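For reference, the structure is listed below as structure tokens.
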Amino acid sequence: MPKAREIVPGSERKYGAQYKVIGKNYQTADLYAKVTGQAKYAEDFRADGMLFCKLLLSPLPHARVKHIDASEALKMPGVKAILTANDLPAPADSLTDLGTVIKANPRGERALTNEPLYQGEPVLAVAAVDEYTAAEAIEKINVEFEPLPFVLDPLDSLRPGGPNPRVEGNVWDQHQPPPAKPGERPASPPPAEVAELKWTSADFEGAKQGRLPMGKPTDDWSYGDIDQGFKNAELIVDESFVTPDTSHQTLETRSALAYWQNGKVYVHTGTQSTVQTVPALARWLHIDASNVVLVSEYTGGGFGSKVTAAITAIIPALLSKKTNAPVMMRITREEETFIGRGRPSLLGRLKVGFSKEGRITAVDMFVICNTGPYDAVGDAGAAARIVSLLYQPPAMRWRGATIMTNTPPRGPQSAPGGMQGIVMMEPIICKAARKLGLDQVAVRRVNCPEGKADFGPVQNGKRAHCTSSFMKDALDRGAEQFRWQERVASKPKRAGSKVRGLGVSLSCFFGGSTGYDGLFVIKSDGRIAIPSGIGNLGTESVIDCHRVVAEVLGVPWEKCDLTWGNTTQNLPWTCVSGGSQTTHAMTRAAHAAAMDAKQKLQEIAAKKLGGKPEHYEVAHERVFAKGGGAGMTLAQAAQHAVKLGGKYDGHEAPPDVNKYTKASVAALAGQGLVAVAKDKYPHDGTSMSFVASFAEVEVDVETGKYNIIDFLAYADVGTVIHPRALGGQVLGRSILGIGHAIGQKWVFDPEYGHMISRRFYQSKPPTILDVPPNMQWAALDIPDPETPVGARGIGEPPVGGGCASILNALSDAVGDDVFRRAPVNADTILTSLEAGRPMQDPLTAHI
Amino acid sequence: MSEADKQVSETAAKRVSRRAFIKGVITSGVAVSSTSYLFRASTLAGQRSSAGLGERLITLNVNGQQRRVDVVKQETLAWTLRYKLGLTGTKLGCDRAECGSCTVLIDDVPYYACSVLTHTVRDKKVLTIEGLASPHGKLHPVQQGVVDEQGFQCAYCMPGFVMAAVGFLKTNPNPTRAELAHGISGNLCRCQDYDKILTAFMRGAEYMRRSSRA
Amino acid sequence: MGILEWATSPWGQRVPIHIAWFLIWVSLIAGLLFLVVHAIYVRYFAKQKQYAATTSPELLSRLPEKISRHSLAARLFHWIMALAMLALLFTAFLPKVGVQFNWVTYHWIAGLVLTGSIIFHIIHASFFLDFWSIWPDKIDLQDSWKRTLRFFGRPAPLPRKSGKYPFDNKLYHGVIVLCGLAVMVTGIFMKFRVRTGILPRNPYLFGDMSWGLMYVMHGLAGVALIALVVVHIYFAVRPEKLPITYSMVFGSMKRDFYLEEHDPERWVVEPPPFPGSQKGGAHAD
Amino acid sequence: MAVIRDVMPAFQLLQPTSIADAQKILDQYGPDAWVLAGGLDSFDWLKDRIKKPNTVVDLSGVEELKGIRETGQGLEIGAMTTLTEIAQHPLIKAKYSLLAQSAELVASPQIRNQGTIGGNVSQDTRCWYYRAGWPCYRAGGNICYADTPVGRNREHAILHAERCVAVNPSDTAPALIALDAKFVIRNRKGERVVNAEDYFVGPEIDITRLTVLQPGDLLTAVRIPATWAGAQFYFEKVRDRNVWDFPLMNVASAMVLSGDTIQQVRVAVNGAAARPLRLKAVENAIRGKQRSIATAEMAGNLAVQGAVPLQFNAYKIPLMRNLVKRSITGVQEATWAS
């Protein structure tokens, strides 16, 4: 192969032809600090007199703390304090935006515990002058535990007489309050309780043939006539499948530094949401939100695991209060594995009917979700809704059981549930296409959503729909760019011991929320100060979204000054940077604020220069009479705004913005023209983003080892805001999905209930050599019709396709019937090829 | 605070630009800064042997400067850099030679600073991300490549990746994309932005070649 | 230095895992020490044995020249067991003192042999031999009290001669039964922990603590056996005991020795109906 | 009892600059001394606080232990020579490329820059139960947690398991065995030289160690005889991820052919047992035979005789069979008409 010396840029296509700023690459404001090592992540901060904190983790998967003897540790010089569960304040209730009180659940996760529910759960913490001392102190503490029954696998817990992960049972039981009468606030639901769910021996009959048993679910819904659907089917495929538990494994562990000053707690920690972490911290610490300051300038990865506050920020905060000194808690990689959240494994069984043409006639889906010992994650339900949207079955039944176990707590991870749903469905589509003699792209084209496609069950008389889907275009263009037909036609598939396989997968996930606030100030020097409340995870949405302001006002980007990462900086109420909602939500909010600024500029011009506001336009850093008459610079307008006061300089805030925004506006009042608005743009459907993923793999059938030799992701993500950031997300999240296909997993020892895959070489996040050196991405760049800029989020949608396209390519190479699980490693392939059938238990995730 | 400690903290304080210092104060409201944080003398940090402070006080050559620093025997270079010298650009991702975030150059060769005892680099030259750009702020070609291609997302892995790339390119200035990937394969990116990272470093390699020709 | 090795179980509990191996030396030294002390005692301090007269001349005349003591089966058992025991001790303890070889296989096979031979012996002794002959009886206790008193120069009647087995022999047997059964029973369970092809491997048959105690028991009994075996061999080669050793090889002892050491009322030797057959139990040690 | 990670316990650090000094220290401290080569295996133990040695002896300052020298009989590689140096050394690449290949596939670039050949062959096993600090046989306990009815043992042994089912993780070890290397060990009694395959011990001999090294012993050099210089070599490592991962299994072979006939051959496999296995039976069976697919297949089948799979590692049997097969005939490179 000749040496390719030229730089191969991901997939460079020109975007944003109609815009000045949007769709263009640019240098983000945080990049210089990052590349020179000056960027400060939580653990990089130091405070005078700072103490260090270490945790004592439970060695048992389920136990009761009977006695703690810390006397030896406390005698050590340098040991300042220990913190146990008895020192924790009771968690406070929380209040939603709608005014509904969410009662604190006494059974929920707390920072420390006297009844550890998984091995690795923090039991107590020690603060000392340095880590050496804290570590030795921990080793000197004796905790007497009373072992309690435990369970790792949801199926074991569901068996008749099976063990329960919690004393009271294995599932959450949420009693819903009666529906509110019109005009009244909905009543607060009571805290969820723990109940017991057991299936019968008869339910488990199927498990003997490797089929997922299907007993009583915890949730279900259906639409259409599935019996008729199956009756009309030419082919019915019924498969069981298991997906892995995977840690988020952000490269920055959730270390935190905390200290108190003048009654306020200052917390430095990495988070996916600068603004919304504040109320979360306040609730955990049971203090008023106005007494919380969060510093989170740079967050070293989140993927859903750092959505707001974590228990790791609470422990140093409480120890700091107790010791009256700043406390740093450096979380080790192993601790992060225990407390850093993970994606739940889903055990699934899908029965899918297909017509001759490959059109799905009905889907019957059953999933069991292993949610860990605390809050139930929504993966089981999300998996079904995504399947319903992505494959458009005319009839579908979903049954789900979200079961607690004594494994580390789960949280949403990029495309939570959606990824698993796609990964279970895609191999079935593959198999059906082969049985029906159809092309893999064609069969997906027949089933994929188009336009405002419906999905999910009927709720309040109608089904939800997506705002727009151009999945077919993404498939077509992707197939073209990937040279799908050409590759399919090229033979042979096998050379020596190597077999190549091609895979294509549909993928989608939620792509945005609405209703947040935009806020910025046009300063008297004409520069625009934008406080960004978005968490800085490196996806650059923290900055990218605000490019809309420059675009709308016609201000050069260089004149926009961004601040972020600190809640003393007067931030607007902002969405959590999770669930791919940010680009959608915050470009809308930025647009709303920019339109507010425009309106105010026009009003100021009219007031000063006469005429009506609508006679003025805003462009080129000026507001001026349409057609080129009198006008003024933005700087002058800002000075006028300050003189005018009221709503113009922030002395009055719109009534509909969040109270958090109002406080910020009040603090900014008088600094210039304060633009502030809530996103109230009409929005009927659910914003969803789509990706068509293509992969080629080469399998060595003698060793089972395989390599991904090519990959393309073609995205339907609405308007492209920042191509390089988008490309990074499309391929980055694709690789996150690929990781699920090629190796990432949790492994437990069933006897002791310990996770034994604690290190990277055991849990196997993908390396740079596990992906092809040239990956391709592209985006349709078709604006979303229901959002002003037309942009949607892309964090999650590529994940399912990343994983499923690899699995599909593998089954193309070595056959449909050799494995029924992810990840697929050399061992899976080799044992199954030897036996000619699936050889690894499709009902156990932890191997 | 011993005399030696004072010396160290003064050196470190000088290194922090006034601007960064002010920013630190403003952002946090108290004296939280990027200046070096010193371990207070702890009985445990001491050695069990008779080895006293005299042996613990060593001189390191970091980023071209001689730094006197008090280092316990079991201390890794990553800890010394981060906690004693205030060079927090070197990140700890796993502390186990499994992620590469702590990669620094020791005598021009990339090492995991988490897995090197500080006492073993006494007579070697250590280069960290902070010492890569010129003192006037001109970025190293590899850094410039990253800036121009918007390489990396969260960038927690970036300092280590950049140091690994610089080390590799010193001996392999003209790699293919696949060769470069192999050269920097000892670094993990959990945002999995590998494609863009490679593109950025390919550009950086081109800049390096250009600047060496110039 | 404790006599047990402890470890922390995966659940953080302190559990014993086995004995401290220095006990091998303790046991060996104890055995040798006993040997030396005993030899010195016998050589320099022991008094002439004196027994209350028991033998009637009438009986004497009826006794054969050779008194049959151990049946062939009993002797075979004894020597197989002895070999197994030695194999077990060497395979168990040589690697612990630095002689490394693949010991486990030999050890468990020898263990199997020992177990088999012990089970045979229990059945054999219970149903085919004079079961009670090896267990201390009332006379043994009375006589040992008499001997003790006399040893300290206190007035006491002369003790009687022993039955088939002298009292110390019976005591030794008792101790060896305890140790032997302990290593055997724990050893049988331990076969669940190694691959033998006989029992399904299941290290989780018991909890960490139970297993730990089992290994400790196996170890303690095992090292005790070192001393016991040393002592046993020592007695076997002592000149005054050689006739007994002879009987363990050839099955019988001379009449003179029998009359000298044994009380025909307590070890009734019936004259043989025909030569070579003899009722009367052998109870090997 | 508590699990504390990533804070090393205090130790005395001694940094000798000559073999003689190192020797003296090792004699003086005996089992209390922990020898640090590259340190990548050691730091795991120390940071996990599972091992808390009183004294750590850092060999990085001993120049005598570094470097690659050509001798009359072949090559001598100092034990502290880094894997990068070995992988890139022109002479090794030219004549003993088997070793260079195996070194190049170890872990990651930074680890190869730091890891040494001595450390690579002397590293401890990566059984996840043992490395988690569980009190298994290897840690002096009385149980193997991997070989139980529920043990997770996908990466464990299929051959020569004796209570413990851990495997040796070294990549360079089988290459050195195939090259008939000799390991030079020094202690107070002097110097002894052992064959590469005899350097490693299985659990039947010593369940707590993977090598013959006893306290006080120092591996100083690896000697490669010229016998196999320029022979036909084959090395392959199968692992899950292409960086960092230890081998699921690897194979190394050296062969001298005369025409198509295999004149001399050495084959070694690692990842199958607690020690790298030299496949003598295979060597004997194929010596003098035609190098053909049939011979290779026979070799593969012979290699796995007596293999006993655990619950999750049955794949290692076909893997070993195929790797050994390939080590005789090489792998057919795929040629694709694209």
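Computed from a predicted structure; not experimentally measured. In the text below, chain A, chain B and the rest are named by the order of the sequence lines, each starting its count at 1. Computed over heavy atoms, backbone and side chain alike; hydrogens, waters and symmetry mates excluded.
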Segment of [X] engaging chain C (4.5 angstrom heavy-atom cut-off):
X	result
D:Y145	both
D:V201	neither
D:V165	side chain

Using a 6.0 Å distance limit plus a 45 degree cone around the ring axis, check whether D:R154 lies over the aromatic ring of D:F312.
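Cation-pi check for D:R154 and D:F312: fails.
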Exercise: do D:W34 and D:S42 side chains pair donor with acceptor under 3.5 Å
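Indeed, the side chains of D:W34 and D:S42 share at least one donor-acceptor pair under 3.5 Å.
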Top residue by heavy-atom pair count (under 4.5 Å) with chain D, among [options]?
options	value
C:W103, C:F101, C:Y204	C:Y204
C:V15, C:N202, C:D208, C:T105	C:N202
C:S9, C:P95, C:P10, C:A7	C:P10

Any donor and acceptor pair, going by atom type alone, linking the side chain of D:S122 with main-chain N or O of D:G119 inside 3.5 Å?
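No; zero donor-acceptor contacts below 3.5 Å.
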C:Y234 and C:H38: aromatic ring centres closer than 6.0 Å?
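Ring centres of C:H38 and C:Y234 closer than 6.0 Å.
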Segment of C:R193 engaging chain D (4.5 angstrom heavy-atom cut-off)
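Both parts, backbone and side chain.
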D:N120/D:S170 under side-chain hydrogen bond (donor to acceptor under 3.5 Å, both in side chains): CA gap, chis, key distance, verdict
CA-CA 6 Å; D:N120 189 265; D:S170 172; 2.8 Å; yes
Out of D:I205, D:I207, D:N142, which one racks up the most heavy-atom pairs below 4.5 Å with chain C?
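Greatest number of close heavy-atom pairs with chain C: D:N142.
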Considering only heavy atoms from C-beta outward, does the side chain of C:H78 approach that of C:H121 to under 4.5 Å?
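Result no, sub-4.5 Å side-chain heavy-atom pair not found.
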